[in-house]
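Notes follow once the structure below has been shown.
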Amino acid sequence: MSALWVTLLVVLALAIALRRLRPTWYWMTFGVTFATVRVLIRYRSVMDACGLTVPPSRWQLALARIANRPVPDGRSPRILRLRPTATGLVLRLKLRPGQDAFDFSASSDRLRHSFTLHNVVSREIRSGVVELRMTGYDVLRRVRMPVPRSVEVLRVPVALREGGEVHYRDFRQVPHALNVGATKSGKSVYQRTLVAGLAPQNVALVGIDCKNGVELFPLAARFTALADNPVAAADLLAALVQYMGRVYELIRAEQRISVATPDAEITADIWDLPAHLRPVPVVLLVDEVAELALAANKAEEARRDRIVTDLVRLAQLGRAAGIHLEICGQRFGSELGKGITMLRAQLTGRTAHRVNDETSANMAFGDIAPDAVLAAVQIDKDRPGTAVAGDSSGGWTRIRAPHTTLRAAVDTCNAHAFRTPEILELDAFRPELPARVLIGKVQPKPAGASAF
């Protein structure tokens, strides 16, 4: 008997240590079993307490009346599948007639407390089927990005979602995005992670950093063009608009619209062009958009209008030419002047780090996902890098980017400096590299990175 008690105490101590030091290991060894049993035992009572049941059908009421039996209880959604994962449980439910997927989304917080899990996220799979993705522990406490299985052009893993999934910044699906956040909220680290993920790809990076270049100029080895003040930024954007016009001329010349041309070969963007003619895609990163929109006199107002106009043009027309925008700022409201709200309307992707007031969160999500506004305001200041990510569809999720040091990002950009393409219109804005970057073996440029 004493040996049994010693074994139980050792197992208990091991479980407590794993839960504190290695939550993933604890979940895979002990937590998943306890959580599965808890969900199955409590399921009917939790559904009833959360108002996620429907009254019995008419034939059940009729049978109970004929047999003189008590009225049957309400019917819970039928469990189609309960699948454990490395971070939690996935519960797929078949809705009863009259139920709505929104009811489960609105009850997610009550479900979290009832099942004693860290988080519950609901999403509709198809008509009549809802999936509850339940997280067993706080996966955002210590972000560990999995090794990517494959690399796609313009698709970069930048953060981890609260459900344990990888959050991608996919420029092909969401061409332009807005990233807002207060000082020390992790906005710059997110941008640094994005640049480090784009560096190994065949992509042209263009940057505007009006903080005298302190954020982007250390990564200059991988940038085709950089500007560190509003005057240079205005000229850079004008040159980028000129380049966009030349890309459209190429697309028009190569559309090959004729009776004998198959439909698959007719194109309206760069992606269906022949590989030897296709220009490299361009990603424009603006570090602080407010510095471009502020004006103190008439001359600066004229420059500001040119900058905002060119940004709006790039946002409206740039996708087909392979030009994508990633705009960062602490605030992005109408107080920045004429045309700013028009620009914001073109930015499909929205990411909000910790903000200082609800108004700043409304600038990001007020017009697309009002529920995300409260989530952005509630981000803890002791967790830099945590953000709320959403898009124009209204869906949103909490994410947290890994801590990418500036040294790691600089090393990645230096290692892939040979991939930096040349664009004729942007040659005047090519950054001068430090001597230590120029020393070493020069590697040949890939075929897709040639000048256009």
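Side chains are part of it too, since the values below use all heavy atoms of this structure and drop only hydrogens, waters and symmetry mates. If you're wondering where the values come from, they're calculated on a predicted model, not measured in any experiment.
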query: Stepwise, does the side chain to side chain contact (heavy atoms under 4.5 Å, CB included) test hold for L194 with V283?
result: CA-CA 11 Å; L194 181 61; V283 176; 5.6 Å; no

For [X] and [Y], which heavy atoms make the closest approach, and how far apart are they?
{"X": "R222", "Y": "A199", "result": "NE-O, 2.8 Å"}
{"X": "V388", "Y": "W396", "result": "CG1-CE3, 3.6 Å"}
{"X": "A320", "Y": "Y248", "result": "CB-OH, 3.4 Å"}
{"X": "P402", "Y": "A159", "result": "CD-CA, 4.1 Å"}
{"X": "I323", "Y": "H176", "result": "O-CE1, 3.3 Å"}
{"X": "K187", "Y": "N179", "result": "CG-ND2, 3.5 Å"}

I'd like to know if the side chain of [X] reaches the main chain of [Y], judged simply by a donor and an acceptor atom lying under 3.5 Å from each other, with no hydrogens or angles considered.
{"X": "E291", "Y": "P230", "value": "no"}
{"X": "D209", "Y": "V214", "value": "yes"}
{"X": "D269", "Y": "W271", "value": "yes"}
{"X": "N229", "Y": "A232", "value": "yes"}
{"X": "R78", "Y": "R75", "value": "no"}
{"X": "R354", "Y": "G181", "value": "no"}
{"X": "R398", "Y": "E162", "value": "no"}
{"X": "R400", "Y": "L140", "value": "yes"}
{"X": "R169", "Y": "V174", "value": "yes"}
{"X": "S107", "Y": "R110", "value": "no"}

message: Apply side chain to side chain contact (heavy atoms under 4.5 Å, CB included) to residues V206 and I423 and explain how you reach the verdict.
response: CA-CA 10 Å; V206 178; I423 298 178; 5.6 Å; no

query: Within 45 degrees of the axis of the six-membered ring of Y168 and under 6.0 Å from its centre: does R155 put its NZ or CZ there?
result: yes

At what distance, to the nearest 0.5 angstrom, does [atom1] of [X] lie from [atom2] of [Y]?
{"X": "S108", "Y": "R123", "atom1": "OG", "atom2": "CZ", "answer": "14.5 Å"}
{"X": "F217", "Y": "D287", "atom1": "CZ", "atom2": "CG", "answer": "11.5 Å"}
{"X": "H403", "Y": "T193", "atom1": "NE2", "atom2": "OG1", "answer": "9.0 Å"}
{"X": "S105", "Y": "L132", "atom1": "OG", "atom2": "CG", "answer": "10.0 Å"}
{"X": "M244", "Y": "L237", "atom1": "CE", "atom2": "CG", "answer": "11.0 Å"}
{"X": "L91", "Y": "S122", "atom1": "CG", "atom2": "OG", "answer": "10.0 Å"}

Around atom [atom1] of [X], are there more than 12 heavy atoms of other residues, nucleotides or ligands at under 6.0 Å?
{"X": "R112", "atom1": "CZ", "value": "yes"}
{"X": "E301", "atom1": "CD", "value": "yes"}
{"X": "K184", "atom1": "NZ", "value": "no"}
{"X": "R319", "atom1": "CZ", "value": "no"}

field: side chain to side chain contact (heavy atoms under 4.5 Å, CB included) between L117 and T135, worked out
entry: CA-CA 6 Å; L117 293 169; T135 308; over 6 Å; no

query: Under 30°, 30 to 60°, or over 60°: which ring-plane class applies to H353 and Y190, parallel, tilted or perpendicular?
result: perpendicular

Can you confirm whether [X] sits close enough to [Y] that some side-chain heavy atom of one is under 4.5 Å from a side-chain heavy atom of the other?
{"X": "V410", "Y": "L219", "result": "yes"}
{"X": "H167", "Y": "V158", "result": "yes"}
{"X": "Q191", "Y": "L216", "result": "yes"}
{"X": "L205", "Y": "V195", "result": "yes"}
{"X": "L284", "Y": "L311", "result": "yes"}
{"X": "L343", "Y": "V312", "result": "yes"}
{"X": "M47", "Y": "L111", "result": "yes"}
{"X": "T224", "Y": "P421", "result": "yes"}

query: Can R172 and E152 be counted as an ion pair, charged N to O under 4.0 angstrom?
result: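 A salt bridge is absent here (no side-chain N lies under 4.0 Å from a carboxylate O).
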
message: Between D310 and R306, does any NZ, NE, NH1 or NH2 come within less than 4.0 Å of an OD or OE carboxylate oxygen?
response: no

- request: Assess whether side chain to side chain contact (heavy atoms under 4.5 Å, CB included) is satisfied between Y243 and L426, documenting all intermediate values.
  value: CA-CA 8 Å; Y243 164 75; L426 305 181; 5.6 Å; no

Sequence neighbours left out, cut at 3.5 Å: what donor-acceptor pairs do the side chains of residues 32-43 make with other protein atoms?
residue	atom	partner	partner atom	Å
T36	OG1	V32	O	2.7
R38	NE	F115	O	2.9
R38	NH2	T116	O	3.4
R42	NH1	S114	O	2.6
R42	NH1	T116	OG1	3.1
Y43	OH	P77	O	2.4

